There are 2 protein chains.
Amino acid sequence: MAAINFSFDAAPPLDESDANRPIGSGGGELDLELIELLFFAYRDFVGEADHILEAIGYGRAHHRVVYFVMRNPGLRVSDLLDILQITKQSLSRVLKQLIDDGYIEQRPGPIDRRERLLYATEKGEQLASDLSARQHVRLMRALAPLPQGARAIVRDFLGNMIDAPAPGAPVDRKG
Amino acid sequence: MAAINFSFDAAPPLDESDANRPIGSGGGELDLELIELLFFAYRDFVGEADHILEAIGYGRAHHRVVYFVMRNPGLRVSDLLDILQITKQSLSRVLKQLIDDGYIEQRPGPIDRRERLLYATEKGEQLASDLSARQHVRLMRALAPLPQGARAIVRDFLGNMIDAPAPGAPVDRKG
DNA sequence: AATTTATGGCAGCCATGTTGACATACTTCG
DNA sequence: CGAAGTATGTCAACATGGCTGCCATAAATT
């Protein structure tokens with residue numbers, strides 16, 4: 001639990017007031033600073049919710065499922081598989097628990113009754129909110145000291161990091 | 001492999017030219033947009049290196065180990081445990097493989113000979129660079145369309161997301 | 001009626017995280 | 001010197017959450 005992040009002692013030769021270009025024109029060097037900052041940031045970000053989850057015997061897989069169902073009520077199972085990019089079996093294990101425990105409920109699709117549309121129960125909404133609240137606070141704390149417009153920059157950066165941007169999503173706000 | 005990220009259909013009511021405050025003063029709403037963008041961004045970011053790793057039968061754990069040894073030559077095992085925040089047993093499994101396969105070598109500490117200082121071999125350096133290069137390209141592609149100074153914003157944001165910032169690291173550049 | 005689709009379930013494998021106990025080599029302290 | 005502490009390695013055992021393959025069922029489609 002020491003939460004040591006090690007010193008970034010070999011930090012890239014970057015000036016504080018720098019722009020995009022991450023490394024001096026010297027050679028084919030890599031932006032290792034951002035790579036490891038992303039690692040540490042995500043590690044601590046997801047670690048945030050673990051206390052709540054432990055208390056009810058759940059793991060991160062449950063978190064992700066209840067989160068995306070809360071965010072997209074009426075989601076089909078196959079949609080969830082696409083979002084999480086895991087297999088049916090991996091999903092069904094945790095989904096079954098969440099349904100049995102009353103966090104998520106299924107209703108047959110009104111048009112195609114083979115579908116089992118997923119909805120978070122009130123209990124499920126509550127859980128998802130509790131978990132997200134912690135992460136929200138961390139995000140706000142991280143953004144607060146940054147200049148105006150930082151949130152938009154971060155959002156666009158993250159959006160651009162994704163393989164296939166959501167339709168109608170990002171982002172090219174240089175000009 | 002469909003890499004569907006689902007539409008962020010319930011996207012927060014945020015204006016493009018917005019600043020820090022993520023949600024209208026209405027109530028206790030959460031910045032779910034950033035939460036899930038971070039999830040997708042990291043998912044695709046770490047998925048980047050998987051092809052290379054699969055080819056040699058390694059997983060992400062090996063990646064992390066060889067990366068941090070490359071970044072911090074002469075690291076002690078206990079330092080690595082602190083960085084990765086895993087247990088000795090989890091580390092030793094992958095570390096043993098990396099040593100056996102010639103990616104990492106150990107040398108006794110010059111002062112305290114109980115220590116086994118870790119160094120990446122040339123083979124290990126090569127592997128770490130190959131892996132990082134992919135991620136570097138993704139980062140550069142994500143930053144390229146953003147305005148001047150975006151990299152610094154992103155770096156500071158990520159740094160602020162970390163539990164215990166590295167000594168002498170981030171960052172409070174609002175004023 | 002036959003086929004396709006959406007879902008569920010079972011068996012079993014693998015990677016990677018965990019704890020606890022113990023061994024070895026070395027350093028440090030009294 | 002001998003005792004105690006430290007850095008590391010190792011073994012057994014277990015949990016989580018990925019994976020594949022195969023099969024079942026219900027409903028839609030042709």
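Basis for what follows: all heavy atoms, side chains included, without hydrogens, waters or symmetry-related copies. So you know, we letter chains A, B, ... as the sequences are listed, proteins then strands, and number each from 1. Since the structure is predicted, the reported quantities are computational estimates derived from the model, not experimental observations.
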**Asked** Relative to B:Phe39, does A:Arg64 satisfy both conditions: NZ or CZ under 6.0 angstrom from the six-membered ring centre, and within 45 degrees of the ring's axis?
**Response** no

To the nearest angstrom, the CG-P distance between A:Leu84 and D:dT16 comes to 19 Å

Report task. Verify the distance criterion only: is there a donor paired with an acceptor across the side chains of A:Glu36 and B:Tyr67 at less than 3.5 Å? Result -> yes

In whole angstroms, the gap separating C1' of C:dT4 from CD of A:Glu115 amounts to 14 Å

Notebook entry, point to check: Ignoring hydrogens and geometry, is there a side-chain-to-backbone donor-acceptor pair from A:Asp44 to B:Ile162 under 3.5 Å?
Noted result: no

From CG of B:Asp50 across to C1' of C:dC14 the rounded distance in Å is 15 Å

Sorted by chain and number, sequence neighbours left out, side-chain contact (heavy atoms from CB on, under 4.5 Å) with B:Lys88 holds for B:Leu81

**Message:** Assess, by modelled atom type and distance only, whether the side chains of A:Ser132 and A:Ser129 contain a donor and an acceptor separated by less than 3.5 Å.
**Reply:** no

Readout for nucleotides 18-30 of chain D: B = base within 4.0 Å of protein heavy atom, S = sugar-phosphate only, - = neither; 5' to 3' it is BBB-----BBS--

note: B:Asp82, atom CG; D:dT8, atom P; distance rounded to Å ~ 10 Å

May I have the list of side-chain donor-acceptor pairs in residues 53-63 of chain B shorter than 3.5 Å, sequence neighbours left out?
residue: B:Tyr58; atom: OH; partner: B:Asp101; partner atom: OD2; Å: 2.4
residue: B:Arg60; atom: NE; partner: B:Asp50; partner atom: OD1; Å: 3.4
residue: B:Arg60; atom: NH2; partner: B:Asp50; partner atom: OD2; Å: 2.9
residue: B:His62; atom: ND1; partner: B:Gly59; partner atom: N; Å: 3.0
residue: B:His62; atom: NE2; partner: B:Gln97; partner atom: OE1; Å: 2.9

Whole-Å distance, A:Tyr58 OH to D:dT16 P, equals 12 Å

From CG of A:Leu81 across to P of D:dG17 the rounded distance in Å is 16 Å

Separation of D:dT16 atom C1' from A:Gln97 atom CD, nearest Å, is 10 Å

**Asked** Can you check whether B:Ser78 has a side-chain N or O nearer than 4.0 Å to OP1 or OP2 of D:dT8?
**Response** yes

Atom CD1 of B:Ile104 and atom P of D:dG9 are separated, to the nearest Å, by 11 Å

May I ask you to say what B:Gln106 touches in the nucleic acid, namely base, sugar-phosphate or nothing, with a heavy-atom cut-off under 4.0 Å? sugar-phosphate

